[in-house]
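Some notes on the structure that comes next.
Numbers restart at 1 for each chain; the letters A, B, ... are given by sequence-line order, proteins then strands. Note that the structure is predicted; figures quoted are calculated from it, not measured.
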Amino acid sequence: MASEDEVSLLVIVVDVNPIWWGQQAQREPEFNLSKCLDAVMVMANSHLVMTRTNKLAIIASHCQESHFLYPNKHWKAGDVAGDEVSSGSGDGKYELLSVANDLVAEEIRNLMARTQVKGHQTDTLLAGSLAKALCYIHRVSKELEAGQDMKSRILVVKAAEDCALQYMNFMNVIFAAQKQNILIDACVLDSDSGLLQQACDITGGLYLKIPQKTALAQYLLWVFLPDADQRSQLVLPPSVHVDYRAACFCHRNLIEIGYVCSVCLSIFCNFSPICTTCETAFKIPLPQMMKPKKKKLKTAN
Amino acid sequence: MDEEPERAKRWEGGYERTWEVLKEDESGSLKATVEDILFQAKRKRVFESHGQVRLGMMRHLYVVIDSSRTMEDQDLKPNRLTSTLKLMEFFVEEYFDQNPIIGNVLLFEINTFFYICFDAGNPKKHVAALKKAVGSTCLGEPSLYNALNIAMQTLKHMPGHTSREILIIFSSLTTCDPANIYELIKTLKELKIRVSVIGLSAEVRVCTILTRETGGSYNVILDESHFKELLMLHVKPPPASSSSECSLIRMGFPQHIIASVSDQDAKPSFSMSHLESVDEGPGLTLGGYYCPQCRAKYTELPVECKVCGLTLVSAPHLARSFHHLFPLDAFQESPLEEHTGDRFCQACQGELKDKSVFTCPACSSVFCTECDLFIHDTLHCCPACIHTQGAS
């Protein structure tokens, strides 16, 4: 079993896009946001119970902000739930778990109550949440005691569709995670996400699209709870085929052979004399001019 | 050639009174000064952003390592050659991380004239070759002329839109040349090859002239950590010279085919890159990357197809270099007392305890010192700006 020196940090990023969840409540009333959060809390509790030194963080990814549901920044370590709430839980549950559960429930209620969705902002800010998660992991790794090792991973529970505008920030985050050896796992509820597939492939995590949403807790516990060392000994869902083809900048089609500008690295499907992004003029490769050999005409006499 | 005025040498300036930097406070403790020095050390790297300068993104870099007698000196532990090779391994990893496309690093030792590793597209071969070269003996005198000549023969055939660079790690104070090196310097300048030198002993005049004429940089190391910093300066793409040609390069983006043993159609096959290498084993694999033009199979990207000559990359490789093209602005530093809002860093949710806080000029969010370093070195995007931009 893991010794005292191994700290395992799990950061769960939950997509709480109110528009998608609102539509979901009409499509399938038996699976709504609170059921999803229940499943996530089950997994979070299990993670905390596995080893005493395990740490946890939960981030809710909304259209307008990313909010840390747990741990709460105003809540200092020694301050166990103060004067509010039933802190000494009557059912003998491990106190850390009951505090965590209550905190998450309260924070998510506050978050959903106070944010109002404005007209055009309908996409989940997933790249921003992942960036904050990376900064948090970086901070925790600096605060470790001497001799302690930390392994971290991020689990993304995604509901809504991808936002193509976030591509570049997303890629920056993925490369940063790969450099820091942080795995990104993805549990997708509805539609496949190309960005997350790339993230999981590059960082070495797992990608799974769940066939039945109501069984979310089962999938989370079976597939995503074991950490990286144990995964090699388990039979897990196979890796998906990731489409790494690039999209050309002019038509947004996926291309197999394209032209890349050497200055700004934009990709085009056809040769054009000027790059539209950086406006550099290119040399057009002309075929070599062969000097016609002078043929001596035999004059027929 | 001597039009530029020489910089004043260090012994020509006044004395530096380094003992005056340390100041005691009332109780006689140096704690505040020590914390200050540590803080400055963290912020030492100057964020020189080139702004809108065009960078040479596709680079052919030739690294020449001196292996003459002076490399057996033990002023860098255990000796200069071993220390250099160790730092080169680190450099190679960082280089391929920041310059993933066509970054060719060719390693080569000066007077023993053997290639350590020729033209590999991935860092593993370089690192393995560097490890093997550790025990080689250092004899004789180095020859700058011969080294530059050989490097030039290879680099002059590279296409015009790439930046051609030579990096020389030079440890001796002399060079033994068969012909006039100034002629060679003129030729290098015409071929637009940029030569940089890192000196391990002292400043040598011929290196100064070489680097000045070709537009490179010349630095002499102080100690091992300084050596590492100087090497890291060469990892970033240099500003492209105005005369380098820009062109559209044709590249292929192959699909990754994953096949498992239970597939009916899957047949194991060799990868084209394994056919030439001897020490990698049989290399039969089921899936891989297929060149879109000639259907040759490869197991790793980026690679240049041996059959049809098309460069094969994947879209994330290009995305890795984007942060050079859109660099993140440096954040503004301000003292903690002036900050009136929340006392929490907006990225890591930690308390702001350092004496200064950093504000992003675009979105006015506040970050602590650690997050500022992390954002600029590794993340390359402001976490708070993403929240405002992502919505628009």
Checklist outcome for this item: Closest heavy-atom pair, A/I255 versus B/F253, reported as atoms and distance to 0.1 Å, is O-CB, 3.8 Å
Checklist entry - Would one find more than 12 heavy atoms of other residues, nucleotides or ligands at under 6.0 Å from atom NZ of A/K55? => result no
Item to check | Atom of B/H380, atom of A/N172 and distance for their closest heavy-atom approach | outcome: O-ND2, 3.7 Å
Checklist entry - Picking from A/I267, A/I202, A/V173, which has the most non-hydrogen pairs under 4.5 angstrom with chain B? => result A/I267
Checklist outcome for this item: Looking only at A/E143, A/E65, A/M168, most heavy-atom pairs under 4.5 Å shared with chain B are made by A/M168
Next on the checklist: Less than 4.5 Å apart, side chain to side chain, heavy atoms only: is that true for A/I257 and B/R250?
Outcome noted: yes
Checklist outcome for this item: Taken to the nearest 0.5 Å, the spacing of A/S141 OG from B/E370 CD works out to 8.5 Å
Checklist entry - So do the side chains of A/E256 and B/Q255 get within less than 4.5 Å of each other, counting heavy atoms only? => result yes
Checklist entry - Do B/F374 and A/H138 come within less than 4.5 Å of each other through their side chains, counting heavy atoms only? => result yes
Item to check | Close side-chain approach of A/V140 and B/C348, heavy atoms under 4.5 Å | outcome: no
Checklist entry - Can you list the residues that meet the salt bridge (Lys or Arg N to Asp or Glu O under 4.0 Å) rule with A/D162, with sequence neighbours excluded? => result A/K158
Item to check | Spacing of B/Q349 atom CD and A/Y136 atom OH [to the nearest 0.5 Å] | outcome: 9.0 Å
Checklist entry - Who pairs with A/S61 by side-chain hydrogen bond (donor to acceptor under 3.5 Å, both in side chains), at least two apart in sequence or on another chain? => result A/S129
Next on the checklist: If you count heavy-atom pairs within less than 4.5 Å of chain A, which of B/L312, B/T378, B/I375 leads?
Outcome noted: B/T378
Item to check | Top of A/A177, A/S66, A/A127 for chain B proximity - count of heavy-atom pairs under 4.5 angstrom | outcome: A/S66
Next on the checklist: Please classify the contact of B/L310 with chain A as side chain, backbone, both or neither, using a heavy-atom distance under 4.5 Å.
Outcome noted: side chain
